[in-house]
Amino acid sequence: MLVQLFRRPFRLPVMPRQDGKVAIVTGGARGIGYEVARHMACLGAHVIIAGKDEQGGLTAVRRICEENKGAKVEFQKLDLASLQSIHQFAQSFKERSLPLNTLVNNGDVMLVPEGRTEDGFEQHFGVNYLGHFLLTWLLLDRMKDSGKCGSFSRVVNLSSSAHRVGEIRLDDLNSSQCYSAHAAYCQSKLALLLFSIHLQQELQKQGFPVSSFTVDPGMVDTALYRHLWAPLRVLQSFAAHLLFKTPAEGAATVLYTALSPALEGEAGGGGHWVSGRRAMMSPPVSDPQLQRSLWEASRRLLGLVEDRDRDQT
C-alpha cells in the first residue's frame, strides 16, 4: 500500500476502437471487472459479462447501455465454482460461432471461510485458479482461430501482489492439512501467475496468435474485502477511501494489456504487469519445473489428461 501511495497512478492512454471484436469478462458485474467491461463496450467491442450473480449482471448491462446507447453488452451465467457450469458456458459460447478476441479472467473470492466447491476443491484454489484454468482451456481454440498476425487474441489474468508470499504445495493444493484463508488466497494468485506465464510460453512455442498476460491491479476499493474480520473491515473501509485505487484506476492496466497496440505479437505480448509496466517476477514464478508440475497437476484435477498423457506421466 505504501508503494502504491507514493507511485503516480497509471493513466490509460486512448485505446483503439474494438468494433467487431468480442470479449468475455468474468466477474464483470462490479468493481474492476465492471470498469473493464464498460470501457471495452464503449470502444465498440461485443462484451459478455460472465458471472454467478444474474441480477447484478443484468444491472451492469443496463448501466452500460444507459451510458452508451449503442453498446453491445450482455450477461451470461457462469459459476466458477462449478466445472459443469464452466463447461456449459464454454459450449454455449462456441455454439454461437462468435470470435473471441479477449478473455479477462477477473472474477475471484478472497479470505472466504474454509469450504469446498461443488467439485470438492478448496474455494480459493477452485474459483480463482482452477475455474479460470478450465475456462481458458475450453475457449483457447476459439481464441487461436480469432487471432491473426497484427491482431493477437489476448488472455488477461488478474493476480495480486499477494502471490509473492504464496506457496504452491503440490501435495496439498486443497489446503487440507492446515487451512488459512490468507495462505489459500495467496496460493491461488501465485498459481494463476504460474499458469499465465506457462501458457504464454506454450503459445509462443507453437506459434499461435494469442498472448497471455497477468496484471496486479494494486489495492482497489471493491467488495473483495467483505470477508475480512469485522474490526479489520471497518479499518479497511476507512483506509480505502484515502489510500486505495478506485475500480477505474485498478482497471487501467488490465485494459492496457487487453487492448494496447504496443503489446502486439510475440515481441510485446505476455508477462506480468503492474501500474502500466512490465514487472519483475519472483523466483517461484520463473521456475520452469514448478510451472510444468502445476500445469500437469491442474490438468489431472480437471480431467483434461488424455490416456496417452497418463502413460507418459
Side-chain angles (χ1 to χ4, degrees), residues 18 21-41 45-68 71-110 112 115-143 146 153-158 188 192 195 222-224 226-227 247 251 254 258 298 301-304:
Q18 300 295 305
K21 294 189 176 182
V22 178
I24 294 174
V25 183
T26 69
R30 56 181 59 86
I32 293 173
Y34 172 79
E35 294 297 334
V36 170
R38 182 187 68 83
H39 196 97
M40 295 186 76
H46 177 175
V47 179
I48 298 172
I49 293 175
K52 185 178 179 180
D53 179 7
E54 184 171 1
Q55 182 176 354
L58 294 175
T59 298
V61 169
R62 186 179 68 251
R63 288 174 60 196
I64 293 171
C65 290
E66 287 174 351
E67 179 182 348
N68 185 343
K72 296 180 181 179
V73 58
E74 61 181 283
F75 171 79
Q76 292 291 325
K77 188 74 173 288
L78 170 65
D79 183 357
L80 289 166
S82 166
L83 300 187
Q84 181 182 16
S85 175
I86 297 168
H87 277 281
Q88 289 174 342
F89 176 90
Q91 183 61 33
S92 176
F93 176 80
K94 288 188 283 190
E95 286 175 354
R96 299 175 66 181
S97 300
L98 291 170
L100 180 56
N101 307 96
T102 310
L103 172 61
V104 180
N105 289 323
N106 163 77
D108 64 358
V109 296
M110 184 174 78
V112 295
R116 293 289 185 267
T117 68
E118 70 174 43
D119 302 286
F121 302 119
E122 188 279 321
Q123 289 189 81
H124 296 90
F125 187 71
V127 172
N128 300 353
Y129 172 62
L130 285 179
H132 284 126
F133 186 115
L134 179 60
L135 180 65
T136 304
W137 184 279
L138 295 175
L139 295 175
L140 198 55
D141 282 346
R142 183 58 53 86
M143 299 194 77
S146 303
S153 298
R154 303 187 189 188
V155 181
V156 182
N157 297 292
L158 268 72
S188 72
L192 197 61
F195 160 68
T222 70
L224 194 60
R226 64 186 178 276
H227 293 291
V254 180
S298 303
L301 289 171
L302 294 169
L304 301 174

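Just the heavy atoms: all of them, side chains too, but no hydrogens, waters or symmetry mates, feed the values below.
Atoms CG and CD1, on L78 and I48 in that order, are 11.0 Å from each other to the nearest 0.5 Å. Taking CG of N128 as the start and CG of N157 as the end, the distance is 11.0 Å to the nearest 0.5 Å. Here the OG1 atom belonging to T26 is positioned 3.0 Å from the NE2 atom belonging to H132, to the nearest 0.5 angstrom. The structure places OG1 of T136 at 8.0 Å from CE of M143, a figure rounded to the nearest 0.5 Å. Atom CG of residue L83 and atom CG of residue L135 lie 11.5 Å apart, to the nearest 0.5 angstrom.
Annotation: side chain to side chain donor-acceptor pair (under 3.5 Å) contacts involving residues 92-104, sequence neighbours excluded, comprise E74-R96, Q91-E95.
N106 places a side-chain N or O within donor-acceptor distance of the main-chain N or O of G27, the cut-off being under 3.5 Å. Side-chain atoms of H39 do not come within 3.5 Å of backbone N or O of E35 as any donor-acceptor pair.
Side-chain contact between I64 and I49: present, with at least one pair of heavy atoms (C-beta onward) separated by less than 4.5 Å. Residues F133 and L304 meet the side-chain proximity criterion, which asks for heavy atoms closer than 4.5 Å. At least one side-chain heavy atom of L130 sits less than 4.5 Å from a side-chain heavy atom of S298. Proximity of V112 to V127: side-chain heavy atoms (C-beta onward) are nowhere separated by under 4.5 Å. The shortest distance between side-chain heavy atoms of L138 and H87 falls below 4.5 Å. Side-chain contact between L158 and V104 is present, with heavy atoms from C-beta onward closer than 4.5 Å. Counting heavy atoms from C-beta outward, R116 and Q123 have side chains that stay 4.5 Å or more apart. Using a 4.5 Å heavy-atom cutoff, the side chains of F93 and V22 are in contact.
Listed here is the closest heavy atom pair of G28 and A37: O-CB, 4.4 Å. Nearest approach of A29 to A60, heavy atoms of both residues: O-CB, 3.7 Å. In plain terms, the two heavy atoms of V36 and A251 that are nearest each other are CG2-CB, 3.8 Å. Taking every heavy atom of both residues into account, A41 and V47 meet most closely at N-CG2, 3.7 Å.
Relative orientation of the Y129 and F125 rings is tilted, given thresholds of 30° and 60° on the angle between their planes.
Here the options are Q55, R62, E54, the test is side chain to side chain contact (heavy atoms under 4.5 Å, CB included), and the partner is L58; only E54 passes.
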Worked verdict on L302 versus W137 for side chain to side chain contact (heavy atoms under 4.5 Å, CB included):
CA-CA 10 Å; L302 294 169; W137 184 279; over 6 Å; no
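Between the side chains of D79 and S85, not a single donor N or O lies within less than 3.5 Å of an accepting N or O.
When the shell of 6.0 Å around CZ of R63 is examined, it contains 12 or fewer heavy atoms from other residues, nucleotides or ligands.
Scored by the side chain to side chain donor-acceptor pair (under 3.5 Å) test, D53 finds R30 as partners (sequence neighbours excluded).
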